[in-house]
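So the structure is just underneath, and the comments pick up after that.
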Amino acid sequence: MAIYMINGGVGKHIAFTALIDKLAEKGEVQMMTAYPDVFRHHPKVKASYSHEEPGLYDRVPRDTDIIFREPYYSPFVFAKTHLLYEWAKLLGIEYEGELPQWHSCKKWYREAKEIIKKIPKKKFILVQFGGGQSPYDANQPRVHIPGGQRRAYPLNMAQDFINQFTKAHPDIAVINYSMVNEEYSHLGGCHVLNIAYWHYPELLKASMGFVGIDSSLQHMAAGVGVAGVVIWGATGPEHFGYSIHGNISNTTNHHMRPLCVRFGDNKNADGSMWVDSDILSTAVPVDKLMEVTDAMLDMKLNKEEPKGIAEEDCDCDDDCGEDCKCKGA
């Protein structure tokens, strides 16, 4: 028996789901993570445990292999390949471009359906301009500011985009994926719902798409097959992104940023020093972001309608939720 352990944020956990089908070919898949809900309803995951579950190791058989492979401490530090490619190699499987998979349950479906009823307009998009905070820290009294702004879209430019978008598309609501204690939650012209992260994939299914940075929303969207626009700055789509999305960047010098920061090197790949203000000069211009977003909306309006959420799409028949027991948690 094997249990795969993951550290990191929600987005990294969702990305890992792209590897589960291949891992299941090798044997039974169980997970031990900070976000067990990501895997709780996956049909090929037998059990999903929380790191912090009391008495967990007393219940796990002694002959269990606990497998931990961290791609951030692998050749991925050289940023020449996609995160999932290196992660798969560490796990002894082959990554062939598979997308993440998000699996839900009927309780989450019903809760999301009620949330959608409260959105003031029938059509809506989701936006995420900052990230990096655990959802479990959302109600902390401090204001969360994304570390160094390296992946974030500048706050003033995000507000400018929302202003232009709501003026150009008055019939489309903007749902802000930010958590309530984040500085980006105060952007005007959009709605902060303050809901659990596992509801957002269901909202994405009913949306007109999303506009976001390299963070969890783009992984969620890929997991439910919903295309959107991803703004890249300090990181790049060739390392963390998916071809399903419209990936836009205003710099070619992002290919070492997430990794050299992690290991304490404050230099760009070309040897120049990185400072936080660089994000302003490398950020995608608002008019370009509007152009790509409009193209996304045109495609969705002309070629496809949001597929919405349907109870029959749910992977689990139980009344599962935060205290779900259906996967051994």
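The residues of the chain are indexed from 1 along the displayed sequence.
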Quick check for you: to the nearest 0.5 Å, what is the distance between Gln218 atom CD and Leu204 atom CG?
11.5 Å
How long is the gap from CE on Met290 to CD on Gln164, to the nearest 0.5 Å?
5.5 Å
Can you tell whether the side chains of Glu202 and Lys113 come within less than 4.0 Å, N to carboxylate O?
no
To the nearest 0.5 Å, tell me how far Leu187 CG sits from Leu155 CG.
5.5 Å
Beyond-backbone contact of Val174 with Phe124, side-chain heavy atoms, under 4.5 angstrom
no
Using the rule that two of Ile, Leu, Val, Met, Phe, Trp, Tyr join whenever any of their side-chain heavy atoms come within less than 4.5 Å, decide whether Leu99 and Trp102 are in one cluster.
yes
Would a distance-only check, ignoring hydrogens and angles, find a side-chain to backbone donor-acceptor pair under 3.5 Å from Thr166 to Ile162?
yes
Flag if over 12 foreign heavy atoms under 6.0 Å of OH, Tyr95
yes
If you count the non-hydrogen atoms of other residues, nucleotides and ligands that lie under 6.0 Å from CD in Glu96, is the total more than 12?
yes
Would you give the length of the straight line joining atom CG of Asn176 to atom CG of Asn194, rounded to the nearest 0.5 angstrom?
11.5 Å
Could you grab the distance from atom CE of Met31 to atom OG1 of Thr17, nearest 0.5 Å is fine?
9.5 Å
Walk me through it: do Glu238 and His82 pass the test side-chain hydrogen bond (donor to acceptor under 3.5 Å, both in side chains)?
CA-CA 6 Å; Glu238 64 272 31; His82 196 280; over 6 Å; no
Backbone N or O of Ser178 within a donor-acceptor pair of the Gln128 side chain at under 3.5 Å?
no
Might you work through the ring-ring contact (aromatic ring centres under 6.0 Å, His included) test for Phe240 and Phe76, ending with a clear yes or no?
CA-CA 11 Å; Phe240 295 97; Phe76 182 68; 5.5 Å; yes
Looking at every non-hydrogen atom in both residues, tell me the closest pair between His13 and Ala34 and how far apart they are.
NE2-N, 3.7 Å
Taking the inter-plane angle between the rings of Tyr242 and His245 on a 0 to 90° scale, is it parallel (under 30°), tilted (30 to 60°) or perpendicular (over 60°)?
perpendicular
Using a strict cut-off of less than 4.0 Å between a Lys/Arg side-chain nitrogen and an Asp/Glu carboxylate oxygen, indicate whether Lys89 and Glu94 qualify as a salt bridge.
no
Among Tyr197, Tyr177, Tyr200, which one satisfies side chain to side chain donor-acceptor pair (under 3.5 Å) with Ser216?
Tyr177
Which word best sums up how the rings of Phe129 and Phe161 line up, parallel for under 30°, tilted for 30 to 60°, or perpendicular for over 60°?
perpendicular
Verify same cluster id: Val10, Tyr72 (apolar side-chain graph, 4.5 Å)
yes
In terms of hydrophobic clustering (I, L, V, M, F, W, Y; side-chain heavy atoms under 4.5 Å; direct or indirect links), are Phe16 and Leu90 co-clustered?
no
Look at the side chain of His51 and the backbone N and O of Ile6, then say whether any donor-acceptor pair between them is shorter than 3.5 Å.
yes
When you group the ILVMFWY residues by side-chain heavy-atom contacts below 4.5 Å and let the links chain together, are Tyr57 and Ile3 in the same group?
yes
Within 45° cone and under 6.0 Å: Lys12 NZ/CZ vs Trp87 ring
yes
Working note: Leu193 + Leu203, criterion side-chain contact (heavy atoms from CB on, under 4.5 Å); need CA distance, chi angles, decisive distance, verdict.
CA-CA 11 Å; Leu193 299 176; Leu203 267 65; 3.5 Å; yes
Got a sec, which pairs hit side chain to side chain donor-acceptor pair (under 3.5 Å) with one end in residues 24-34, sequence neighbours left out?
Glu28-Gln30, Glu28-Lys46, Gln30-Tyr49
Step-by-step side-chain contact (heavy atoms from CB on, under 4.5 Å) determination, Ile14 to Tyr35:
CA-CA 9 Å; Ile14 297 173; Tyr35 301 98; over 6 Å; no
Say you draw a straight line from CZ of Phe39 to OG of Ser48; how long is it, rounded to the nearest 0.5 Å?
6.5 Å
Using the side-chain hydrogen bond (donor to acceptor under 3.5 Å, both in side chains) criterion, which residues pair with Thr81? Sequence neighbours excluded.
Glu86
Side-chain donor or acceptor of Asn163 paired with backbone N/O of Gln159 under 3.5 Å:
yes
May I ask you to check whether over 12 heavy atoms, not counting those of Lys121, lie within 6.0 Å of atom NZ?
yes
Might you work through the side-chain hydrogen bond (donor to acceptor under 3.5 Å, both in side chains) test for Asp214 and His239, ending with a clear yes or no?
CA-CA 10 Å; Asp214 168 26; His239 309 122; over 6 Å; no
Check: Ser104 and His41 side chains under 4.5 Å, non-hydrogen atoms
no
Measure the acute angle between the ring planes of Trp108 and Trp198, then classify it against the limits of 30° and 60° as parallel, tilted or perpendicular.
parallel
Flag, side chain of Glu182 to backbone of Met179, donor-acceptor distance under 3.5 Å
yes
Judged by modelled atom types alone, do Gln101 and Asp21 share a side-chain donor-acceptor pair under 3.5 Å?
yes
Would you check, one step at a time, whether the test side-chain contact (heavy atoms from CB on, under 4.5 Å) holds for Tyr4 with Leu19?
CA-CA 11 Å; Tyr4 296 93; Leu19 307 178; over 6 Å; no
